[in-house]
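Only a predicted model underlies this, so the values are computations on that prediction, with no experimental measurement involved.
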Amino acid sequence: MQCINTSMEDYLRVVIHHLDSELVSSEALARIQALAQILPPLSMAGFECRLGSEESRVDFQVSFPHLTLNLPESFLTHSFWRTFQDFCQEWVEPTSILHRNVDRLWLEFDLPEQSSQVPIPCFFLSLNQNNVSEFQDFIKTILRLLNHRTDSLLEPNLLLCANSLPDKARIAHIGAMLSRPTKEMRIVIKELTSQELCNYLDKIGWIDTTNKFKSLVAILSEFVDSIALTFDVGDTIHSRIGLECFLEKQPHDEPRWQPFLDYLVEEGLCTPGKRNALLAWPGFSQKADIPELWPTNLTGGDLFLGSKVLSVFWRTINHIKVIYEPGNPLEAKGYLAFGHNWLNASNLSVGTLLKTENSNQASLFHTSDTEVEVSQYLKQVCSYYDRITPLYLKYIGKTYQAGVFPTNLEIDSYRHSNLYFAQQAGIQPGHRILDAGCGVCGPSIDIASNIKGIRIDAITLSSIQADTARELVQEAGLADQIQVHTGDFHHLPFADEVFDVVLFLESTGYSYDHQRLFAEVYRVLRPGGNLYIKDVFCKELPLSNQEQQELAEFNRVYVQYKTPAMSQIVEAIVSVNFQEISSCDLREIDSAKLFTKAMFDYKNGLPELTEFGKFHYRQFQCLPVFFGEIKARKPST
């Protein structure tokens, strides 16, 4: 992990005075704070609290939307962190099975069990798809990285769990309990109905010797919107079952945790004090409430964004888990989440914050697409560019963008424009550049041909674009300077701190998670490196009905291009600690005239739509978009 001035402890300070000692004792909190000092500030974290009268243990969880591989040498003395580093190195490789299947990583620290200064967590993989056809290879890869025995029944039992899933159900998480002496894997399954949940357990061979499980599921279903199933898998399917209870449809003005927690108190699974402490946890904190505790790494972003956003720390009850094991008493755990977000002030008012102070806030913040939707979206984008690339080449050329075009018709217009943007990005001889969303490398070829000694890594989702780009790079004699990669730019296959400049030339609109994207960019940029974005942006809200309709059609034409407001991109850039951020409206100098020209052909003096035009031409009256640029710099230290 990186050496940083701000740590997770700074984020903890903002929220811990809302954490009642009924849930987290002073001793447990001290252990969490000591751990947080060596963790970077992460936008999502949480506590696992035992709710029974005799249970005081609290575990701490953090979520990594991206991974920093620069671990302290002291960590690498332990086999877990070497395993963790090996996992990360394989995960970022775009052709790896991990890259295709794992979306996010959670680390869970069982703090009372730590016996050394090197913390050893369990880790959980959030899966971004349910590709049963390659699940066996995926499991083999995980077990290889974790050094599990190959002669055990763990692998066939995991495959049994995957192959027994009913339609629509999915394995959402796989956990490796590496801080514990056993080598079981934990599985979390979502999108099971109550009936499917019981039938599924029967199918995989789990036996309920007391026949009380089905009635428990029926009771819990009356209180909650969904139940995720969790259990451990080893040489057997373990008897201990977790039922993770969620309120995804929680209305903000009618909190429903209260009756559920009242039921748990009545059943002796939760103390009244812990119930009250759980209900007091949800809410928001802003800088005006606690200026002396506000983390210093957020101050620059707060000042830059000003009244456009609300900078808030949120707190929520994520879920309650009820644990069932035949012949043993029931147990209950509460999972409290917290994190920081910049929220668009035009979409969420302070009045709304006050109104929802005591309700579950998860739906306000987890607004990114679901994992399945992301996978489908990326396939749509790939399909579009695989199909349309030949038309772009025929009618426009190697550069698919608006540009700054010269009046001298003898000058190569796109070359002139690409070099202008290279200058704006601060590209210098000898630099290493990342062209993120590179198309067929038109800009990269122009830049590498005209600036000495630079090297460019270019990445695109489309294999057709990548193959075409390699051919064009070869033709230009630049194969030793430009390397083309196929992959998702939210998961970059590069080591930390290797680029001097990262370019986005009309490609950020294909980002499904801005914060994740720019966290990755921050990771791969060298200290003092530049981020440069030239793109089409939506004007700030509110939009008229007609503007909304035309923007939706514009986005649809380019296969669900998510045209962002400039403030959205700036917020995401600020949130991952970029500095020296500036933005500029380019509509006075940037033009899409060559795009428009490519849409028409003239026969007998009359315009006709070209093949390119038939696909892309629309008559817009008040399309609310403009071209602009954003610059930012990673701090030098």
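- Exactly one residue among Phe109, Tyr335, Phe60 makes a ring pair (Phe, Tyr, Trp, His ring centres under 6.0 Å) with Phe47. That residue is Phe60.
- Cation-pi geometry between Lys190 and Phe246 is met: the NZ or CZ atom falls under 6.0 Å from the ring centre, inside 45° of the normal.
- Without hydrogens or angle criteria, Ser383 side chain to Gln380 main chain gives no donor-acceptor distance under 3.5 Å.
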Checklist entry - Run the side-chain hydrogen bond (donor to acceptor under 3.5 Å, both in side chains) check on Thr210 and Asp208 step by step: do they pass? => result CA-CA 6 Å; Thr210 59; Asp208 180 15; 3.1 Å; yes

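- Residues forming a ring pair (Phe, Tyr, Trp, His ring centres under 6.0 Å) with Tyr200 (at least two apart in sequence, or on another chain): none.
- Using the six-membered ring where Trp is involved, Tyr510 and Tyr377 have ring planes that are tilted, between 30° and 60° apart.
- Here salt bridge (charged side-chain N to carboxylate O under 4.0 Å, His left out) pairs that include residues 325-341, with residues two or more places apart or in two chains, are Glu48-Lys333, Arg240-Glu325, Arg240-Glu331.
- Taking the six-membered ring where tryptophan is involved, the planes of Phe135 and Phe138 are tilted, since the angle between them lies from 30° to 60°.
- For the pair Trp314 (side chain) and Ala337 (backbone), a donor-acceptor distance under 3.5 Å is absent.
- Look at Glu191 and Arg170 and you find a salt bridge, because one of the NZ, NE, NH1 or NH2 atoms lies within 4.0 Å of a carboxylate O, short of that distance.
- For Arg31 (side chain) and Asp59 (main-chain N/O), no donor-acceptor pair under 3.5 Å exists by modelled atom type.
- Between Lys140 and Asp137 no salt bridge is recorded (no basic side-chain N to carboxylate O distance below 4.0 Å).
- Below 30°, between 30° and 60°, or above 60°: for Tyr11 and His340 the angle between ring planes is between 30° and 60°, a tilted geometry.
- Between Tyr263 and Phe223, the gap from one ring centroid to the other is short of 6.0 Å.
- Asn199 pairs in a side-chain hydrogen bond (donor to acceptor under 3.5 Å, both in side chains) with only one of the listed residues (Glu196, Lys203, Gln195), which is Gln195.
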